[in-house]
Amino acid sequence: MSDTSVDNPLRVGLRRERGVEPCVLVIFGASGDLTRRKLAPALYNLQVDRLLPRSFAIVGVARSPMPDSEFRTALREGVAAHSRRPIDERLWGEIEQGLSYVPVGDELDGFVRLREHLERLDRERGTSGNRLFYLAVPPSAFRPIVSLLAKAGVSEPGAGGSWCRVVLEKPIGHDLASASDLNDAINAVFDEEDVFRIDHYLGKETVQNLLVFRFANSIFEPLWNHKYIDHVQITVAESIGIEGRGRYFEEAGTTRDMVQNHLFQLLCLIGMEPPVALRADAIRDEKVKVLQSLREVDPASSHEATVRGQYAAGVIGDEKVIGYREEEGVDRNSRTETYSALELYIDNWRWAGVPFFLRAGKRLPKRATEIVLQFSGVPHRFFERRAAANSLTLRIQPDEGINLKFDAKIPGPKPHLQPVSMDFRYGSSFGQAPPEAYERLLLDAMLGDSTLFIRRDEVEAAWSYIDRLYEGWGNNGPEALPEYVSGTWGPAEADVLLARSGRTWRRP
Ligand code: BG6
């Protein structure tokens, strides 16, 4: 199966203009958290914006039997609790009449019943044989579901150009070998162009704006390279802990949970070359080149380029919080990291010698995702106090915006300098809350536009880098894992990582 399908730009444009074709969205994991908290509100908001097709149906799938009415109520509650806009009964009613539920377990007969149900919907609601299968289930269920879809003949597009696509949530694998095994199994049933791997960071408006910022403005791009940039910092700080996901987190740890996907995607968007066109594969080709250009880490020295840590009890805001090892589902002697910082290099013409410092952590003092480009200092120093050097901060969330910092003269007789800044804020410039990531991602998957989804080779290139780190760390071997007090900025070792080259983390 091909993994480099070429999207005809004209077709993508037309799809967007014409809107989503009639289709059925089949959600596996219909009774789960993701469906209630993210998918249901996203679908409702797409309906508010009139972006869903008239001939549309949503089929919930999970193991336990449940009447349609119960599924409708559960989704409605999800919308009421999590939608960015309040429920309008008439609009909700339009979605509700297309909602149904089918219990499906591990047996083929459940999938056959699902096929019959979908065929009935095609006849009754005019959904034309187009299906989007959304796998909101644990990754261990991906393979069996996909293979049973194929066996029951549900995954085959029907006659007359209808389509069948599959959406997968992360994590895709645990390492390179498992990711590529899983990708083989998925691609045995779905062509790569019909596989939509979600990284929900790509659905965020501020992340999509990175390409606009870089390639629609002429002032920054000439500076966007080793000649002017001293280093780049990418921070994804969270104040929350593991939120009851002890078992999952023990297996994952922050490097697999956040760095391999979200932080690497941000890195790609900051580091990539201009794509030849604004087309899914053109953009993904450039992103994957960034991952392929990452300087190989020698596992023997991976300790020098990385810092991991684990949160201990502490205070966040006014709230006392427990340490990671006291969380439910976590081993009392766990060696899983909840903080991960790394120094890496993109070995190519643009970025030669520029360090990229990435960090992600839970139970840090606040929630803040931002990217800082620290420019090099001026070549010659005129002023008494050294200029602070310019920096550009792209605030991904919250308080979305962009900040450029530079030095200015303090009014007065002496040439004293003070850093000042120019600030762009989404809130004041656009005056409205941006749509949720899942709205855009669901819409694009229905439109068949895979620009904001992760291609197989991207996932695998990212794992191949992360695998070497784990090799060096001895897969949670006996090396010390520093603790940090919840509510602080991570282990002191992370400061040393930058201090070695005379740099410091920027405080979000
Ligand atoms: C998920 C991780 O992918 O992203 C979570 O599994 C993390 O551990 C979450 O909390 C963060 O997403 P956001 O959109 O809140 O930054």
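Computation of the quantities below employed the complete heavy-atom set of this structure, encompassing side-chain atoms and omitting hydrogens, waters and symmetry-equivalent molecules. Please read all numbers here as calculations on a predicted model, not as lab measurements. Indexing begins at 1, ligand by ligand and atom by atom, following the structure's order.
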Taking salt bridge (charged side-chain N to carboxylate O under 4.0 Å, His left out) as the cut-off, I'd like each qualifying pair that reaches into residues 309-323, sequence neighbours left out, listed once.
none

Just checking Phe215 against Phe213, ring centres under 6.0 Å apart?
no

Tell me, which residues have any heavy atom less than 4.0 Å from some atom of ligand 1?
Lys170, His200, Tyr201, Lys204, Glu238, Ile240, Arg245, Asp257, Met258, His262, Lys362, Arg367, Gln397

Please determine whether side chain to side chain contact (heavy atoms under 4.5 Å, CB included) holds for the pair Leu211 and Met272, giving the CA-CA distance in whole Å, both sets of side-chain angles, and the decisive distance to 0.1 Å.
CA-CA 9 Å; Leu211 289 193; Met272 68 188 254; 3.8 Å; yes

Quick check on side-chain contact (heavy atoms from CB on, under 4.5 Å): which of Leu135, Val146, Asp194 does Ile186 satisfy it with?
Val146

Within the supplied structure, the quantity of interest is the number of heavy atoms (other residues, nucleotides, ligands) at a distance under 6.0 Å from Lys204 NZ; does it exceed 12?
yes

Less than 4.5 Å apart, side chain to side chain, heavy atoms only: is that true for Pro171 and Gln260?
no

